[in-house]
Amino acid sequence: MNIEDLIIKGLSSAIEQLYGASTDVEVKIEKTKPIFEGDYTFVVFPLVRRSAKSPEATAQELGEAVLKTTPQVHQFNVIKGFLNLSVSPSFWAEALLNFDAQSNIPRKGEKVMVEYSSPNTNKPLHLGHIRNILLGYSIAEIMQSAGYDVIKANLINDRGIHICKSMLAWQRFGNGENPHSSGLKGDHLVGKYYVVFENKLQEQTSDDVALALEGRWNCKDQNIQKRYQDAFEKLGQAKEEKQIAKFKGDIKDLVRNQSDLMQTCQEMLRQWEAKNPEIIDLWSTMNGWVYEGFNRTYERLGVDFDAMYYESNTYLLGKDVVQEGLSNGVFFQKADGSVWIDLTGDGLDEKLVQRGDGTSVYITQDMGTADLKFQEHGINRSVYVVGNEQDYHFKVLFLIMQKMGRSYANGMYHASYGMVDLPSGKMKSREGTVVDADDLLQEMYDTAKAKTEELGKTEGMTSEELDNLYNRLSLAALKFFILKVDPRKRMLFNPQESIDFQGDTGPFVMYTYARIKSILRTANFDGCTIKIDLVLHATEMECIKLLNEFNGVLSAAAEEYNPAAICQYVLDLAKSYNKVYNEVSILKESNEDLRNMRLQLAWQTAQILQRSLRLIGVETVERM
RNA sequence: GACCUCGUAGCUCAGCUGGAUAGAGCAACUGCCUUCUAAGCAGUAGGUCACAGGUUCGAAUCCUGUCGGGGUCGCCA
């Protein structure tokens with residue numbers, strides 16, 4: 001039983017002795033704020049009705065009772081209605097002796113799939129993907145460590161109009177360029193042709209779009225012409241800026257879709273669906289380039305996957321779910337053949353689940369893929385790491401699976417996260433403000449190298465060791481910066497300023513670890529026994545207290561799908577140990593018992609620092 | 001128009017299952033390397049927790065409203 005539970009138990013029995021048994025007041029304690037004396041605080045205000053005494057008097061008599069019920073508490077003080085309890089130093093010494101930094105949370109026998117990354121194959125990865133990837137990987141590691149059996153999954157959107165755009169542009173303008181001939185990383189090469197496509201399309205349609213926005217565009221296709229005229233009329237009536245932009249966009253799309261390029265592209269997609277060998281061949285080749293590129297980025301980021309899903313395999317799934325839903329009355333069909341679910345009773349709208357022509361929409365696939373995941377892996381939970389712009393989509397998806405009576409529906413969770421903003425605002429590919437993942441990683445590496453050389457502490461390290469150090473430092477800085485903020489919130493990333501190596505950063509924690517390891521090396525430490533009747537410094541007790549909180553923090557981080565909790569914790573621990581480091585000397589300590597105790601604390605702290613960092617994908621170094 | 005979110009120091013963020021005098025880091029200023037790695041430690045300065053009401057012994061935290069940022073409401077994904 002940990003100390004907090006012991007105190008709660010002691011408090012409860014003290015309260016029962018004084019005021020009788022009752023369940024109306026939940027006994028909970030919190031950490032005492034540093035400005036007051038004590039370790040844990042109990043707030044007695046909710047109790048004064050039962051004690052019929054002043055808050056001070058209640059706290060006083062309760063404190064005296066706790067001394068008797070809880071031997072680990074050796075003194076207390078009362079300020080207003082706050083009862084501050086101090087845990088005896090010998091308890092902390094004993095806690096350090098018994099602490100096992102490698103102890104694991106028992107396995108829960110529960111299988112969890114964490115899906116993350118989930119890229120499109122027409123463009124290289126960027127800063128937004130990085131947040132997703134780091135969160136997904138870290139959530140998976142945290143859950144694994146917290147006792148779940150985790151499967152990391154990646155659902156790749158490898159088909160559709162977007163990849164056809166790259167394919168068509170490459171076919172027409174690529175002159176056979178490939179990653180080998182151009183030296184371009186495969187995903188960047190394919191991304192380049194996506195941009196070529198958009199530029200050519202722009203070139204070929206800008207005149208027509210201009211005409212269309214003046215109402216002077218004519219289309220041979222009567223249906224399109226009618227839709228255009230409708231949209232133009234709405235544009236004329238629109239008042240709000242947002243609406244105007246929307247109708248302008250509609251018109252633009254309409255015109256562009258009639259262009260030769262887009263028509264050919266659509267035809268290419270049809271050919272792909274018809275499994276035209278030539279198209280399939282081109283598609284596999286270009287996707288192959290992309291995967292090679294993605295894999296290099298994943299590897300550099302230090303993340304991996306246990307299961308790969310491809311939309312080219314899953315995009316037809318879900319139609320049987322639609323049939324099932326029609327037959328059991330969860331879905332209904334409209335006159336045009338389209339299939340819907342009515343969620344108005346749940347405060348949402350009617351939602352299309354299959355088009356009139358019988359083809360799938362996004363959510364159709366997701367329904368099918370959800371079934372597939374649960375069937376294939378027998379998982380109890382399924383976590384989707386996806387940006388918060390899809391909050392509504394997942395709300396609907398989960399609700400549908402519930403209404404379809406899926407036993408697993410309650411285990412579905414959308415790990416929703418906020419967008420990454422730049423100082424200039426949102427990242428926009430059209431304005432060229434997208435921060436490329438590979439570029440960013442390289443810049444980070446160069447910065448880590450420059451900072452390290454500036455400090456000049458790496459004498460005698462081999463070039464491999466240095467490379468490893470720069471890699472780990474740069475990743476630590478980046479990962480920590482991104483993961484330390486609450487996933488649900490949008491965050492700001494300034495490429496010039498955001499990455500620091502001092503203060504609340506990954507390198508700071510690494511540094512704390514490396515300094516400890518340096519001492520342990522010098523002392524030839526490989527474990528020792530310690531005495532518990534020693535005088536501990538307040539900073540040391542604080543550090544031991546934090547070590548004992550590790551498992552609790554880990555469990556909470558898992559239940560909340562929140563790597564930021566680990567970041568905040570490991571910062572606290574590193575800061576706490578740095579205080580110890582500055583206050584007490586280990587190697588110069590002549591009292592062997594004291595020296596051993598301090599070595600023990602250093603060793604345990606180093607292990608917890610390392611374990612914590614691994615949960616967020618950061619590796620330590622022995623020297624830096 | 002409807003719904004969802006966020007608003008804390010100059011900047012980036014903690015704290016939000018209600019509790020004391022709201023915390024870090026960066027930036028600014030002051031100390032500390034003949035003492036285990038100064039990527040560190042100690043300190044100074046910096047706040048009407050967007051605003052207005054309400055609930056409560058007690059509100060940054062819960063409720064309502066207002067303002068401001070972002071998002072969603074596609075037979076796109």
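In what follows, every chain begins at residue 1, and chains take the letters A, B, ... in the order their sequences are listed.
- If you take atom C1' in rU17(B) and the same atom in rU61(B), they sit 10 Å apart, rounded to whole Å.
- Listed nucleotides rA77(B), rC36(B), rA42(B) differ in distance to Lys579(A); the shortest reach to its side chain belongs to rA42(B).
- Proximity of the aromatic rings of His393(A) and Tyr362(A) is defined here by a centroid distance below 6.0 angstrom, and this criterion is met.
- Rounded to whole Å, the distance from CG on Asn494(A) to P on rC13(B) is 11 Å.
- Salt bridge Lys246(A)/Asp250(A): present, at least one basic N to carboxylate O contact under 4.0 Å.
- Nucleotide rA77(B) holds its P atom 14 Å from the CG atom of Asn122(A), rounded to whole Å.
- Side-chain contact check for Val485(A) versus Arg131(A): some heavy-atom pair is nearer than 4.5 Å.
- Of the candidate nucleotides rC41(B), rA77(B), rU37(B), rU37(B) has the atom lying nearest to any side-chain atom of Arg623(A).
- Here rA14(B) sits opposite no nucleotide as a Watson-Crick or G-U wobble pair (both hydrogen-bonding atom distances under 3.5 Å).
- Distances from the side chain of Ile519(A) to the nucleotides rU37(B), rA39(B), rG40(B) place rU37(B) closest.
- Between the CG atom of Leu254(A) and the P atom of rC76(B) there is a distance of 13 Å, rounded to whole Å.
- Under the Watson-Crick and G-U wobble criteria, each requiring two contacts below 3.5 Å, nucleotide rA52(B) is paired to rU64(B).
- Pairing partner, rA27(B): none, since no Watson-Crick or wobble contact has both distances short of 3.5 Å.
- Nucleotides rG25(B) and rG40(B) place their P atoms 10 Å apart, quoted to the nearest Å.
- Across rC57(B) and rA20(B), the matching C1' atoms stand 14 Å from one another, rounded to whole Å.
- Side-chain N/O atoms of Lys588(A) and base N/O atoms of rU35(B) include no donor-acceptor pair closer than 3.5 Å.
- Comparing the C1' positions of rG58(B) and rA77(B) gives an interatomic distance of 49 Å, to the nearest angstrom.
- Across the protein-nucleic acid pair, Ile163(A) atom CD1 and rA77(B) atom P stand 16 Å apart, rounded to whole Å.
- To the nearest whole angstrom, the two P atoms, one in rA24(B) and one in rA9(B), are 15 Å apart.
- Among rC13(B), rC36(B), rA39(B), the nucleotide with an atom closest to any side-chain atom of Met624(A) is rA39(B).
- In this structure rA20(B) sits in no base pair that meets the Watson-Crick or G-U test at under 3.5 Å.
- Taking every side-chain heavy atom of Tyr511(A) into account, rG40(B) is the closest of rA14(B), rA77(B), rG40(B).
- If you look at Tyr384(A) and Tyr413(A), their ring centroids are not closer than 6.0 Å.
- A salt bridge does not link Lys484(A) with Asp504(A): every distance from a Lys NZ or Arg NE/NH1/NH2 to an Asp or Glu carboxylate oxygen is 4.0 Å or more.
- Taking the six-membered ring for Trp, Phe42(A) and Phe82(A) have ring centres at least 6.0 Å apart.
- More than 12 non-hydrogen atoms from other residues, nucleotides or ligands lie less than 6.0 angstrom from NZ of Lys319(A).
- Nucleotides rU30(B) and rC63(B) have their C1' atoms positioned 47 Å apart, rounded to a whole Å.
- A salt bridge links Arg488(A) and Asp486(A); the closest N-O separation between the charged side-chain nitrogens and carboxylate oxygens is under 4.0 Å.
- Ion pair Lys579(A)/Glu542(A) not flagged as a salt bridge, since none of the NZ, NE, NH1 or NH2 atoms sits closer than 4.0 Å to an Asp/Glu carboxylate oxygen.
- Picking from rG40(B), rC13(B), rA14(B) the nucleotide with the shortest atom distance to the side chain of Arg515(A) gives rG40(B).
- Checked against a 6.0 Å centroid threshold, the rings of Tyr315(A) and Trp272(A) count as neighbours.
- The partner of rG40(B), taking Watson-Crick or G-U wobble pairs whose two distances both stay under 3.5 Å, is rC32(B).
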I'd like a table of atom pairs between the protein and nucleotides 68-72 of chain B - only N or O on both sides, under 3.5 Å - with the distance next to each one.
{"unit_1": "rG70(B)", "atom_1": "O2'", "unit_2": "Arg490(A)", "atom_2": "NH1", "d": "2.3"}
{"unit_1": "rG71(B)", "atom_1": "OP1", "unit_2": "Lys426(A)", "atom_2": "NZ", "d": "3.4"}

Quick one, give me the B/S/- string for nucleotides 18-25 of chain B, reading 5' to 3', where B means a protein heavy atom under 4.0 Å from the base and S means that only happens at the primed atoms, P, OP1 or OP2. SBBB--SS
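- Residues Glu459(A) and Arg623(A) are not paired through a salt bridge, judged by the lack of any N-O separation under 4.0 Å between the basic side chain and the carboxylate.
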